[in-house]
Amino acid sequence: MKKEFVVSLLLMSLVAAVHSAPKRSLLDDDPEVIYLEEHVEKPIELLVIKAAQVFSDKEGKRPLGNLVKDQKVLLQAMTDRAYRVSAQTGGNKVTGWVAPWAFASKDPNFVENLKSLYERQMEVAKLVEENRAAIGMTLEEAGRALGSPNKTKVRQTAKGRSGSWEFVDYEEIRHYTYVRDPVTGRTFRQFSHVTQEEKGKTVIEFEDDVVTAIEQTETDEGAGRVKIVIPPVVFAW
């Protein structure tokens, strides 16, 4: 299940925070875009290896300026087809979209791993929207998908932290009694009380804040449909 990515510590905190950050404006409310700038401790710097145009839109229809070879830019956001960068062009600071082929980084696998990160975050966002947890999610992502756990268990050792979160889904059951009218002798149903009864339960196990196993009761609608996503992409030079 575990698939390791050895890339840069520069983005180590990215995965847990990418989708939890507040949107900056309605113009940025695009489900295809993952914003990076506000979610890493240090800016992500890329080197321009081939001259390219900068566009105001990710579709590449409205040009803003040009990047030149050996110029350095700061990566702010990405889709599966374009990078949003901040750069100096003609003495002015420009923020816009550029094709990925224009850039390089210290790691030759950077582009491939950044694409893996993008694909992972898109899959996680869909699961969160469906209120489903998956093996390989971070605890923060699982919490956004399922809400606050009803019960938690944590074990800390020299090797790391492990434990489990339990989520119980309750449904409201209305109870009735049958009474006889002393005058007419007719029997009718009368509301008695309401109880909260367990509808289903999901237990997730984790190691070092990453979900490693999911257990669901048979009454859960999603039981038997446990998804697996790749673990958080860890970047390290």
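Heavy atoms only: backbone and side chains are in, while hydrogens, waters and symmetry mates are out.
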Just wondering, do [Y] and [X] contact through their side chains at under 4.5 Å, heavy atoms?
X	Y	result
F206	V154	yes
W97	T79	yes
P149	E166	no
E119	D80	no
F103	V85	yes
L46	K72	no
L67	V94	no
S192	Y176	no

Main chain of [Y], side chain of [X]: is a donor-acceptor contact present, judged purely on distance under 3.5 Å?
X	Y	answer
N131	L146	no
R155	G163	no
T217	G200	no
T212	E205	yes
D208	G160	no
Y118	E32	yes
R144	V128	no

To the closest 0.5 Å, what do you measure between [atom1] ([X]) and [atom2] ([Y])?
X	Y	atom1	atom2	value
M137	L127	CE	CG	4.5 Å
R62	F55	CZ	CZ	11.0 Å
T177	F191	OG1	CZ	10.0 Å
Q121	E123	CD	CD	10.0 Å
N150	F167	CG	CZ	8.0 Å

Show the nearest heavy-atom pair for residues [X] and [Y], with the distance to one decimal.
X	Y	value
T195	H193	CG2-CD2, 3.5 Å
A133	A145	N-CB, 4.3 Å
I230	S116	CD1-O, 4.1 Å
V203	S164	CG1-CB, 4.2 Å

Inset, instruction - Considering only NZ, NE, NH1 and NH2 on the basic side and carboxylate oxygens on the acidic side, decide whether E130 and R132 come within less than 4.0 Å. - result: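 Judged by the 4.0 Å cut-off on N to carboxylate O distance, E130 and R132 do form a salt bridge.
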Can you get from [X] to [Y] by hopping between Ile, Leu, Val, Met, Phe, Trp and Tyr side chains that sit under 4.5 Å apart?
X	Y	answer
V168	V226	no
W165	V229	yes
I228	I214	yes

Inset, instruction - Report, as yes or no, whether the 6.0 Å neighbourhood of atom CZ on F188 holds more than 12 heavy atoms from other residues, nucleotides or ligands. - result: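 More than 12 within 6.0 Å, yes.
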Inset, instruction - State whether the number of non-hydrogen atoms from other residues, nucleotides or ligands found under 6.0 Å of E59 atom CD is greater than 12. - result: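 Counting neighbours around CD of E59, more than 12 heavy atoms of other residues, nucleotides or ligands fall under 6.0 Å, so yes.
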